[in-house]
Student: 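I am attaching a structure below and will ask some questions about it afterwards.
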Amino acid sequence: MEMVPSEENQLVLKEGMFWSCRQSIFDEMKKRFSQVENAAEEPRVLCIVQDTTNAKTVNERLTLNLPASTTLSKLFEDVAHKAGYVNGTFDLAWRKTGDMGPLDPSSEMSLTESGFEPGKRNFLQLTDKDGEQPQIASDESGTAGSSGLDDRQERFIGPLPRDCTVGCSSDYSSPSYSYSSILNKSDTGYVGLVNQAMTCYLNSLLQTLFMTPEFRNALYNWEFEESEEDPVTSIPYQLQRLFLLLQTSKKRAIETTDVTRSFGWDSSEAWQQHDVQELCRVMFDALEQKWKQTEQADLINQLYQGKLKDYVRCLECGYESWRIDTYLDIPLVIRPFGASQAYGSVEEALQAFVQPETLDGANQYFCERCKKKCDARKGLRFLHFPYLLTLQLKRFDFDYTTMHRIKLNDRMSFPEELDMGPFMDVEDEKSPQTESCTDSGAENEGSCHSDQMSNDFSADDGVDEGICLDSASSTERVLKPKVPSLNTSSLTFELFSVMVHSGSAAGGHYYACIKSFSDGQWYSFNDQHVSKITQEDIRKTYGGSSGSRGYYSSAFASSTNAYMLIYRLKDPSRNAKYLDCDDFPEHIKHLVQREKESEEQEKRQREIERNTCKIKLFCMHPVKMMAMMENKLEVHKDKTLREATEMAYKLMELDGVVPLDCCRLVKYDEFHEYLERSYEGEDDTPMGLLLGGVKSSYMFDLLLETRRPEQVFQPYKPGEVMVKVHVVDLKTDTVAPPVSIRAYLNQSITEFKQLIAQATELSAETMRVVLERCYNDLRLLYVPNKTLKAEGFFRSNKVFVESSESPDHQVTFTDSLLWKLLDRHGNTIRLFVSLPVQSPGTNRTICQKVGGDPEECSEGSKGNRNSVETILEESTEKLKNLSLQQQQGSCTSDSQKSSDTSDFEHIESPSPSQELDSSVSAVVAVDNRELENRIRAAGGGTYSDPETQFPGEERSDSEVNNDRSTSSVDSDILSSSHSSDTLCNADSGPIQLANGLDSHSITSSRRSKANEGKKETWDTAEEDSGTDSEYDENGKSKAESYYLYFRAEPYAQEDGSGEGGQKCVLVHVDKRITLSAFKQNLEPFVGVTSTQFKVFRVYANNQEFESVRLNETLSSFSDDNKITIRLGRALKKGEYRVKVYQLLVNDAEPCKFLVDTVFAKGMTVKQSKEELMPQLKDQCKLDLNIDKFRLRKKTWKNPGTVFLDYHVYEEDINISSNWEVFLEVLDGPEKMKSMSQLAVLTRRWNPAQMKLEPFQEVVLESSSVEELKEKLSEISGVPLENLEFAKGRGTFPCDISVLEIHQDLDWNPKVSTLNVWPLYICDDGAVVFYRDSTEEPMEQSEDERNELMKRESSRLLKTGHRVSYSPRKEKALKIYLDGGPVKDPGQD
């Protein structure tokens, strides 16, 4: 650049060169602004990535806002850079439920093509690749492994969260507790264990045993004999497999389900948290049982068992009595009972453990030598320490102030090396006058002393804990120590495992801090996470608070502290090393090979799963009821479209139905029933490319489309909308099956009509097009130049077209015949009605003489029921012959039942039909009126004795009203009931409606002339409760005042269940019809008037509920709902069906069903009792006097208000549908005379006899507590001042165990009235227990108490009440050696 000197002798740019540089800078800035502007115009994709590979990052979110044109490979690079990982060592998957299909890191597809949505949040998960954690990228300062905590924090976005573990009962992690570094599996070399749900305690123990060289090596040396035991139930074999996987697997964490299955546990055990020390004891017992008669039979004793002496020494003569006990762990008290200060260290607690106590005063010891009670010294001495010393810190205690279990979080330090020499048995006071009281039968592995050595967490006399043996030997083990006694100079132990509990006494989380004997490094094994820790982290598990949190320090002292410590004796001659893979025994090498092959196979399977596209597949099956079938297509991303079509063809079972070359896959939107596009010329394109990659879910589906061999598939182009066109014929009142066409949203209505005209061959000039935008929303398209988009067309649409020159064009659309027909079409539903066996018409015989005398048609018939059947048979034959005559003229009409079957199958399903002309309709109308009169006449006399007529049907004994005449049957209803589409096929049997007909379509049905021109109306419910009358105030049938579509025809069930049994009728009906009109339309098929049968709606689980609200419509019904008709008197207006139960207060089952009956509004209780008495006598053999029983309210199982004889239903007593009442037989006359009185059920508790007396009823004049006590004192003889009472709990009869009642109920509440807290006795039927306060509970021995406990358990379980006296609430920990638990009905 040329420079010139200025006046100040400074070099400056020439003027021209200055402007040139300035212009170039502006141009560059303009170019960059242009790029930014273009980028701003491009849509952006917001990606939110959750890193699930590490406990420290699981709560972190990486946010990337990328252009929509960014490729997937670039996305992986950006995520790797931002997360600090090496690209290619992790996977990205959609964060959705279900299958997690990973994205392809090498794909060059853009984000939008891969399913990302611009302008929305797209959630992804960063996961392990092939089971291994991502590699941390190296930075400029060095490798990841060399960086410390600060470097680690720079790599991860945001602060490091505290440790937490999924599956724990709560998050108890301490905020003050953090590891100095978190390393992945490749750095630590160790594998974690997956937490099944709440199995952290199990994982901690298993990792500790795995990191114990002596235990691991001994387990490897044991060889499993498959011929002797099932590997699934073999505990040692499953532990062996688990340890091998922990040592050789490349996975980050492995499952423990095989181990827990060998314990005999089911999935529910995974949700039970137990104490880790309890598990250790139970597992060791189980292993000893399994290892009997093997080299490992005494392994547990050799490694973990020690001995101690329990002694008592007389202080006067020096005489000592003692015995030898064995132990597997030493429980150390944190805080002595009643003390305010805790022991500060393990050494202090051990010293207190062996510190003797002096027995003096009332606790003097009876000396055998002195023959008198003397002062003595009692204590424990260690005789032998095990090779592996286990110390349990007793942090769980019981607070007698709050009566709750608590956790002691006091600080207790423990050394890394522990010298146990000072605690050995060194006798200061030698005395030869001792007595050896060795009792091997008193050995108690796992507890050393009845007072001090028992574990509070697992002490439970009422529940049998431990292993469960069916045929285990009861022979007691004899101690055979193989390890010589150790002298005090070699009793130095080194700490290698700290099992930490984080939480409270109610629950928490376990993890283990373990030192590796290979390198001396400490590691944290926290379920699936393994990380390095330091000695400082170990010191943080001492408990207590650091003192730096001030006032709130106690809140942070409850989180994390050591619970179990395991030390190993420092003895170079015995200290073992871990076996290397090269040193494995041969059987272990074979097992390793099998596990590797299994893992490789699993890896290959995972790889296949990751590359498999899973998408919904639909198909309109040509045979199976023309129904839309749904399945799931799973196809590898590299499979071609042709291969995927073959797979879908087999999946939908079309082989032999449709040729393969007549099928194709198209893109489909099932929600909108929209065919998005077809794939012409892409048969060899991979499915992964067509579907936009492998995803967990897709925004579209696939449809397997079929065609007939002579047809050609129609191409579907993106951007088109699909329209289903139904042609309407006003002459025949029919709606044709749909014809599918495709149009564009920018087309005008005129162009759309021309398109329809080409497909339907109708005239576009006279065409009316009606769009159904949603249910009951019909819109006439009459603006020629308006576009389809402006009219509200979307992906999938339904239109109705009509083209004729009828005057209906001149009428307003909502008043036109077209609108009425479409309105009827949209509201018609199809119902399957099951008729009683006795219904007429189910076994019709054909009358040969048309219009002949009914007696001639029914000749030979016997009984009144046959006369009605003959009438219906005659009507059926008349219609049949008329239809057959008409069939000679024309029987080729269009299908009367329209179909929503999509046109993409190109398969038609025509069904024959007949059109009756006006003269035929007139004849039918006359015949129907004649039929109506004859049914009415027959109904009046035929069913006068319904009990003899229908002996097997459900009936009411109330008087049947037979004076009501049946409503006239509309001629249109009857003509369509046996319409021509059935009669045309009379000779070939009944038609099965399996022609793919649409559930919303209807058949032709002429509107009766009597109703022609009338506007259709329907009833609404008049009352909120009860039933409605079928007749208006003038006695005229309400169904006669309007007409709604109804058509019924016989229907043969596919499974053949209808033959010879219950018959079915297929009914097409307008769902706006009332239940009353619907029942009257069913009268010809049931054969009785609508008041003589009941309608039950059948739900999916085959439960039936009676429909009783006659003024309500069928709007709650939908297509293909099932209805069952049962004979029996239907309810009238104001009537209610009532179930009557007998109340037996002193029986084991106090509630017993008696009868169904009917109560009416305005009826008195006495009248209902009078009607009940004959029923009770006939059906229940109860001959009762009307004054010897009462009715009372029933709420679930609880007796309530007593109904007095003068009470009136619906005035004094609220009544509802399906009501239930109690009937109670009285011992004497009724004591209840007024509603102001209160009837209480009382029961006396006798503590001295441990017995509950029978119930006695007490009637009070008021709610006074004093009056209740006086009444109780009167009937029991207990003095008033000694009488105490308590209200029962739960449902009647408020059962409670006699072991609990004395202390668990709230006795003698301090209230003066019964209707206040805590009693709230405001209604009849309350249960009150009472007792004599001076009576003490009966003294029982342990055996007597256990026997009573079993009896109470059995009694309460039989009555369905919870047994709650067990002293331990949580489920006992057991390991089952026989493969599974044995159900004990006596235990909860």
Student: Can you confirm if the aromatic rings of His1068 and Tyr1045 lie within a centre distance of less than 6.0 Å?
Tutor: no

Student: Mind checking whether Val739 and Val727 have side chains closer than 4.5 Å, heavy atoms only?
Tutor: no

Student: Is there a ring-ring contact (aromatic ring centres under 6.0 Å, His included) between Tyr668 and Phe618 once you walk through the steps?
Tutor: CA-CA 9 Å; Tyr668 178 60; Phe618 294 90; 5.7 Å; yes

Student: If I compare all heavy atoms of Val1069 with all of Phe1078, which pair ends up nearest, and what's the gap?
Tutor: CG2-CD1, 4.3 Å

Student: Check the pair Leu771 / Leu778 against side-chain contact (heavy atoms from CB on, under 4.5 Å), numbers first and verdict last.
Tutor: CA-CA 6 Å; Leu771 171 66; Leu778 302 175; over 6 Å; no

Student: Calculate, to the nearest 0.5 Å, the distance between atoms OG and NZ belonging to Ser697 and Lys614 respectively.
Tutor: 12.5 Å

Student: Report the C-alpha distance between Thr1113 and Ile1073 in whole Å, list the side-chain angles of each, state the deciding distance to 0.1 Å, and finish with yes or no for side-chain contact (heavy atoms from CB on, under 4.5 Å).
Tutor: CA-CA 5 Å; Thr1113 66; Ile1073 196 172; over 6 Å; no

Student: Using a strict threshold of under 4.0 Å (side-chain N to carboxylate O), is an ion pair present between Glu1049 and Arg1047?
Tutor: yes

Student: Before accepting this row, confirm whether a basic side-chain N of the pair Arg642/Asp683 lies closer than 4.0 Å to the acidic partner's carboxylate O.
Tutor: yes

Student: Can you check whether Phe832 and Tyr1051 have ring centres sitting under 6.0 Å from each other?
Tutor: yes

Student: Look at Glu673 together with Lys724 and state whether they make a salt bridge at an N to O cut-off of under 4.0 Å.
Tutor: yes

Student: Which atom names give the shortest non-hydrogen contact between Leu745 and Val721, and what distance separates them?
Tutor: CD2-CG1, 3.5 Å

Student: List the steps, then state whether side-chain contact (heavy atoms from CB on, under 4.5 Å) holds for Glu1112 with Ser1107.
Tutor: CA-CA 9 Å; Glu1112 286 191 357; Ser1107 299; over 6 Å; no

Student: Is it the case that the side chains of Thr787 and Ser748 hold a donor-acceptor pair, with the cut-off being a distance below 3.5 Å and no angle test?
Tutor: no

Student: When rounded to the nearest 0.5 angstrom, what distance separates CG in Leu817 from CG in Asp733?
Tutor: 8.0 Å

Student: To the nearest 0.5 Å, how far apart are CG in Leu665 and CD in Glu682?
Tutor: 12.0 Å

Student: I'd like to know if Asp1070 and Arg1072 make a salt bridge, using a cut-off of under 4.0 Å between side-chain N and carboxylate O.
Tutor: yes

Student: Could you grab the distance from atom CG of Asn631 to atom CG of Leu651, nearest 0.5 Å is fine?
Tutor: 4.0 Å

Student: Checking Gln1080 against Ser1076: is there a side-chain donor and acceptor pair closer than 3.5 Å?
Tutor: yes

Student: Between Arg779 and Glu791 (salt bridge meaning N to carboxylate O under 4.0 Å), is one present in this structure?
Tutor: yes

Student: Between the side chains of Glu676 and Tyr716, does any donor sit under 3.5 Å from an acceptor?
Tutor: no

Student: Salt-bridge test for Asp808 and Arg768: reply yes if a basic N is under 4.0 Å from a carboxylate O, no otherwise.
Tutor: yes

Student: Donor-acceptor pair, distance only, cut-off 3.5 Å: does the side chain of Arg707 make one with the backbone of Gln711?
Tutor: yes

Student: Answer yes if the ring centres of Phe116 and Trp94 are under 6.0 angstrom apart, and no otherwise.
Tutor: yes

Student: Assess Arg664 against Tyr679: is NZ or CZ under 6.0 Å from the centre of the six-membered ring, and within 45 degrees of the ring's axis?
Tutor: no

Student: Quick one: does NZ or CZ of Lys667 land under 6.0 Å from the six-membered ring centre of Phe700, within 45 degrees of the ring axis?
Tutor: yes

Student: About how many Å separate CD1 of Ile749 and NZ of Lys786, when rounded to the nearest 0.5 Å?
Tutor: 8.5 Å

Student: Test Cys613 against every option in Leu633, Leu691, Leu702, Leu690 by the side-chain contact (heavy atoms from CB on, under 4.5 Å) rule and name the one that passes.
Tutor: Leu691

Student: Between Thr814 and Thr812, is any side-chain donor less than 3.5 angstrom from a side-chain acceptor?
Tutor: no

Student: Determine whether the aromatic ring centres of residues Phe752 and Phe793 are separated by less than 6.0 angstrom.
Tutor: yes

Student: Where do Thr1074 and Arg1109 land on the side-chain hydrogen bond (donor to acceptor under 3.5 Å, both in side chains) test, with the steps shown first?
Tutor: CA-CA 9 Å; Thr1074 61; Arg1109 297 176 183 268; over 6 Å; no

Student: Would you call Arg830 and Asp1120 a salt bridge, using N to O less than 4.0 angstrom?
Tutor: yes

Student: I'd like to know whether Cys619 forms a side-chain contact (heavy atoms from CB on, under 4.5 Å) with Leu654, so could you lay out the CA-CA distance, the side-chain angles of the two residues, the decisive distance to 0.1 Å, and finally the verdict.
Tutor: CA-CA 10 Å; Cys619 177; Leu654 294 178; 4.0 Å; yes

